[in-house]
Amino acid sequence: MPELPEVHTIARGLERQIVGQTIALVDVKAPRAVHGDPAVFSAALAGRRVASVGRRAKLLLLDFSPPLTLAVHLKMTGRLYVPARDAQPDKHTHIVFHFENVGTPSAPDRLFFHDVRKFGYCRLFAAGELTQWEFYRRLGPEPLELAPAAFPELFAGRTAAIKALLLDQRVIAGVGNIYADESLFRAGIRPDARASTISHARRLALGAALREVLTAAIAACGSSIRDYRDASGNAGAFQNSFQVYGRAGRPCLVCGHTLAAIKVAGRTSTYCGRCQK
DNA sequence: AGATCTACCTGGTTGC
DNA sequence: TGCAACCAGGTAGATC
């Protein structure tokens, strides 16, 4: 389930592998993996060169020349990667992007969009259109670019559970279930605490905890649980640093109290009833 | 308006 | 063993 650190890692890996490559042909095997007309999608990409690979929130953004932007949302199980030369698409490979350099063994020849659960999608934007996209336009600030002093203000006037707001991409971008739970633990805040009841100082601490956990996760190339792999098929390492995520029923690593699991905003949320108030 | 709930989808795990 | 029930979770869309 790629969140900000995982999408960041994938973008950096893809950048190394495919910038400068030109698309020859796009084979859309599952129309639903494309938002919009798959035939238009394929035709528009043919002949374009990958100019850069970036990220905004949990979106991968591939910029092409002549100008065109491909936004890819991996949702839970999506993967975008350069397969081995002899690898065959399987039933979950929904789009195959073929590059032009078929006769150059050292260069990537394809890019696979693979998604077991089919929640992910690819969507194409003409120059300047990305920022008109409703979803994109409403995204909140990037947590690693936000001034620390501005973080507490994100929750001004909000009465929802703090975790529900951390997961809301319009409040702050790129945070998912893992990093929400991990940052709340590090800040000593219960996931179901109402935002309006949390002091300014504790909201500041949450911002700092979130930056720390995201930065450490990026340094570890993300967290690998189940499906996640980076653009080269490598696992991340941050799952070894989880304090609470996936540890319900086991002892708190700080105080030994048994970690509890509750549902907040429809998501399993693991926390320590002694360390988090 | 904000808050909350559910559908979407498949594979792995659990329980009988 | 077989199979049904449940769980994972980001976002859109519906409802309260």
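Quick note on labels: first sequence line is chain A, next is B, and so on, each numbered from 1.
Taking the six-membered ring where the residue is Trp, A:W133 and A:F135 present tilted rings, their angle falling between 30° and 60°.
A distance-only check finds no donor-acceptor pair linking the side chain of A:Q21 to the backbone of A:V50 [under 3.5 Å]. Counting only distance, with no hydrogens or angles, the side chain of A:E182 and the backbone of A:V244 share a donor-acceptor pair below 3.5 Å.
The CD-P distance, from A:Q239 to C:dA8, rounds to 18 Å in whole Å. Look at CZ on A:R123: it is 20 Å from P on C:dG10, rounded to the nearest Å. Atoms CG (A:D115) and P (B:dC9) sit 12 Å apart, rounded to a whole Å.
Residue-to-nucleotide contacts include a donor-acceptor pair under 3.5 Å from the side chain of A:R267 to the base of C:dT11. For a distance-only test at 3.5 Å, the side chain of A:R117 fails to qualify as a donor-acceptor partner of the base of B:dG11.
Tested against A:F112 for a ring pair (Phe, Tyr, Trp, His ring centres under 6.0 Å), the candidates A:Y81, A:F97, A:F99 yield a single pass: A:Y81.
Across the interface with DNA chain C, nearest-nucleotide mapping of A:K263 and A:K75 shows A:K263 to be the residue nearer the 5′ end.
Ring-base stacking between A:F119 and B:dC8 is satisfied, the centre separation being under 5.5 Å and the plane angle under 30°.
Considering only the side chain of A:H73, C:dG10 comes nearest among C:dG10, B:dA3, B:dT10. Ranking C:dG10, B:dC8, B:dG2 by closeness to the A:R158 side chain, first place goes to B:dG2.
In terms of phosphate contacts, A:Q169 brings no side-chain nitrogen or oxygen within less than 4.0 Å of OP1 or OP2 of C:dG10.
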